[in-house]
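Below is one structure, written out as structure tokens; comments come after it.
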Amino acid sequence: MINITLPDGAVRQYEAGVTALDIAKSISDGLARKVLAANVNGQVWDATRPINEDAKLTLLTWQDKDGQSTFWHSSAHLMAEAIESLFPGAKFWVGPAIDRGFYYDMDLGGRQITEEDLRALEKKMNELAKQNNAYIRKPIAKRDAVAYFEEKGDEYKLDLLQGLNDGEITFYTQGSFTDLCRGPHIPNTGFIKAIKLTNIAGAYWKGDEKNKQLTRIYGVTFPSQKELDEYLHMLEEAKKRDHRKLGKELGIYTMDDDVGPGLIMWMPNGTIIIEELEKLAKETESAAGYKRVVTPHIAKESMYLTSGHLPYYADSMYPPMELEGEKYYLKSMNCPHHHKIFAAEPKSYRDLPYRIAEYGTVYRYEQSGELFGLMRVRCLHMNDAHIYCSKEQFADEFRAVNEMYLKYFKIFGIDKYVMRLSLHSPEKLGIKYVNEPELWKETEEMVRQVLIESNIPYIEVQDEAAFYGPKIDVQIFSVIGREFTLATNQVDFSQGRSFKLQYTNADNQPETPLIIHRAPLGTHERFIGFLLEHYAGKLPVWLSPLQVKILPISDKFLPYANELRDQLRKKGIRVETDERSEKIGKKIREAELSRVPYMLVIGEKEALEHKLSVRRQGKGDVGTQTVEEFTAHILEEIADRKSGE
RNA sequence: GCCACUUUAGCUCAGCUGGUAGAGCAACUGAUUUGUAAUCAGUAGGUCGUUGGUUCGAUUCCGACAAGUGGCUCCA
């Protein structure tokens with residue numbers, strides 16, 4: 001007999017060789033019908049795999065993340081079975097579960113998959129699922145595994161096998177399909193009740209663009225049709241808050257074929273948002289001791305050779321233009337220009353920290369396939385600044401920048417983000433990163449300490465640093481789930497020396513400053529794209545292009561409405577009157593859809609009493625106020641940059 | 001840049017197997033003067049992304065290019 005400890009601490013005794021599924025059955029049949037996998041002593045196992053010694057056991061169902069990923073991974077196998085049956089000769093690479101579903105990469109020998117094929121595959125998968133085929137685990141000797149895939153002629157699985165040791169190789173079989181797989185899997189295919197293959201994509205083998213491109217099919221499955229329907233509904237809802245849709249509906253920005261891909265033109269409404277953001281940045285930076293500068297959009301080749309950008313990033317800069325025998329580049333970053341401003345006048349330690357800021361316009365020749373709405377563009381406006389400081393000042397300066405981030409995030413109510421400490425990878429020194437192993441170690445530790453001392457949760461990732469030093473990136477997700485760096489805070493121990501930047505220290509010796517590159521509000525493009533999705537288009541009053549819309553009940557009240565409008569405008573409030581001879585219902589509907597935060601309904605009663613009837617976007621009628629009450633309220637809301645309400 | 005798909009009126013979308021296009025909303029005009037999410041009627045608006053080809057004839061079939069979209073790779 002063995003002892004099984006359940007999550008509530010209860011210990012039960014079973015015969016050795018018992019499975020998680022047996023144990024579930026001994027508790028209740030209902031539970032047994034829901035068990036997808038089990039966590040045995042911290043490892044995720046098949047629910048049907050025998051347990052031979054004392055163990056801590058957690059049964060995993062659809063409610064558990066590990067249960068879901070097991071379910072999706074098994075679904076990938078089911079899809080592969082369907083593919084093998086419909087497209088014989090397909091060779092498979094890997095088919096993992098992802099955040100929301102699964103994919104499988106395969107080589108179809110040049111065959112193209114169409115939307116109709118996906119529907120046929122779904123149908124086949126449903127048929128196979130209904131057969132309730134068990135997923136059967138079988139440990140196998142390496143040479144037998146190799147023989148199996150040699151027979152099949154699957155060079156991809158053979159490649160996978162090369163990296164595995166004898167004794168740790170298992171096959172899983174369900175129905176007529178056998179795959180090399182570590183597992184675990186759900187008990188049988190019958191659990192998979194609802195199937196949706198979502199899209200087809202090319203994916204480079206092993207993620208390397210020099211390799212062959214495989215066909216990748218993405219899908220998602222659920223234990224019931226209802227859950228699939230809910231998921232599809234959620235996708236529909238997410239699409240409604242996509243910044244590309246909102247940007248068009250709200251007249252924020254536009255693009256044009258004649259202007260070029262990835263080049264944003266900000267329309268009047270978008271420009272108001274930009275101006276409000278810049279106002280916030282200027283106030284905040286001025287209070288934090290920054291000074292503003294302005295620099296040109298282009299510079300000579302020699303500067304980017306000095307900075308080291310050209311050898312690393314020439315591919316992502318627009319090609320140079322030749323003038324008077326010199327090559328000029330559109331700037332893809334502001335730092336070199338800022339370094340030149342630092343160097344323009346001699347500096348002493350008394351001038352440090354020297355902080356200069358600019359909403360700099362930069363141009364990056366992003367790969368055409370990467371462009372994405374406002375989030376990935378070729379002309380961007382950075383909330384840029386550079387801080388030149390001594391080693392002793394560094395930690396305080398870096399911490400202050402982080403605090404500025406958090407202050408901004410509070411204003412915008414941003415709470416779903418990941419702070420990512422991006423480190424170099426030592427084997428790429430001299431290739432992707434400046435070759436200064438000691439400095440890398442030292443500054444990475446310094447940055448890590450700042451995060452720990454400030455008690456900021458973060459994750460560490462290798463091989464994500466800038467070429468000149470480690471950085472902290474703030475990662476956010478667009479409504480369609482794509483990840484972006486919203487803000488960045490970077491250490492630079494390299495460019496100071498490249499540009500021969502110096503200051504005189506207290507001992508009258510020349511020293512090279514450390515540099516911090518920071519952009520807490522990222523770029524206008526990405527930040528506004530993010531804000532539109534974050535607020536679902538319902539911007540807070542202070543950011544809203546139009547803050548108040550006056551809606552007269554009929555033309556008779558236009559004179560009072562416009563008198564009111566002028567009065568509010570004098571207070572700096574962005575306000576317009578709907579002067580059309582439409583019914584009030586229509587005026588309200590359109591004002592609501594345009595997401596103007598306040599609507600003022602003006603009729604006979606209001607005109608007589610010199611009052612206004614206030615409507616809040618999304619909330620409806622909130623009662624009658626005097627003009628003074630309303631003005632005081634909205635001005636306070638704007639001045640405090642309140643989010644919501 | 002690579003794989004796949006898409007591109008019809010300002011917007012959202014119809015248009016079966018080739019015979020030069022249609023709806024709703026928006027716009028404009030007129031009527032209506034309205035009390036908290038769509039008043040009625042009329043008018044106007046499109047070289048069907050661009051460009052080659054096949055055909056008596058192409059929005060429709062084929063190719064190239066461009067832009068957009070979903071991924072891959074990339075992202076200072």
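In what follows, every chain begins at residue 1, and chains take the letters A, B, ... in the order their sequences are listed. Values below: every heavy atom of this structure, side chains too, minus hydrogens, waters and symmetry copies. What you see is a predicted model; the values in this text were computed from it and never measured.
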Requested in this report: Applying side-chain hydrogen bond (donor to acceptor under 3.5 Å, both in side chains) between H381(A) and each of E525(A), R526(A), E358(A), report the one that passes.
Outcome: E525(A)
Mind checking [X] for me? I need base, sugar-phosphate or nothing, with any heavy atom below 4.0 Å counting as a touch.
X       : value
G603(A) : base
K556(A) : sugar-phosphate
R378(A) : nothing
S332(A) : base
T488(A) : nothing
G373(A) : sugar-phosphate
N199(A) : sugar-phosphate

Query raised in the report: Is R616(A) close enough and on-axis enough to Y598(A), meaning under 6.0 Å and within 45°, for cation-pi?
Result: yes
Query raised in the report: Quick one: is the NZ or CZ of R482(A) closer than 6.0 Å to the six-membered ring centre of F372(A), and within 45° of its axis?
Result: yes
Which nucleotide sits closest to the side chain of [X]: [options]?
X       : options                : answer
V601(A) : A76(B), G35(B), G1(B)  : G35(B)
R216(A) : G71(B), A27(B), C75(B) : G71(B)
P261(A) : A67(B), C72(B), G70(B) : A67(B)
M317(A) : G68(B), G1(B), A76(B)  : A76(B)

**Report entry** Along RNA chain B (nearest heavy atom to each residue), the more 5'-positioned of Q213(A) and S554(A)
**Finding:** Q213(A)
Requested in this report: With RNA chain B as reference, determine whether R580(A) or Y313(A) sits nearer its 5' end, using the nearest nucleotide of each.
Outcome: R580(A)
Query raised in the report: Short question: side chain of R364(A), backbone of S316(A) - any donor-acceptor pair under 3.5 Å?
Result: no
Query - Distance test, side-chain N/O of R376(A) to OP1/OP2 of C74(B), below 4.0 Å - result: no
Query raised in the report: Closer than 4.0 Å, any side-chain N/O of R364(A) to the OP1 or OP2 of C74(B)?
Result: no
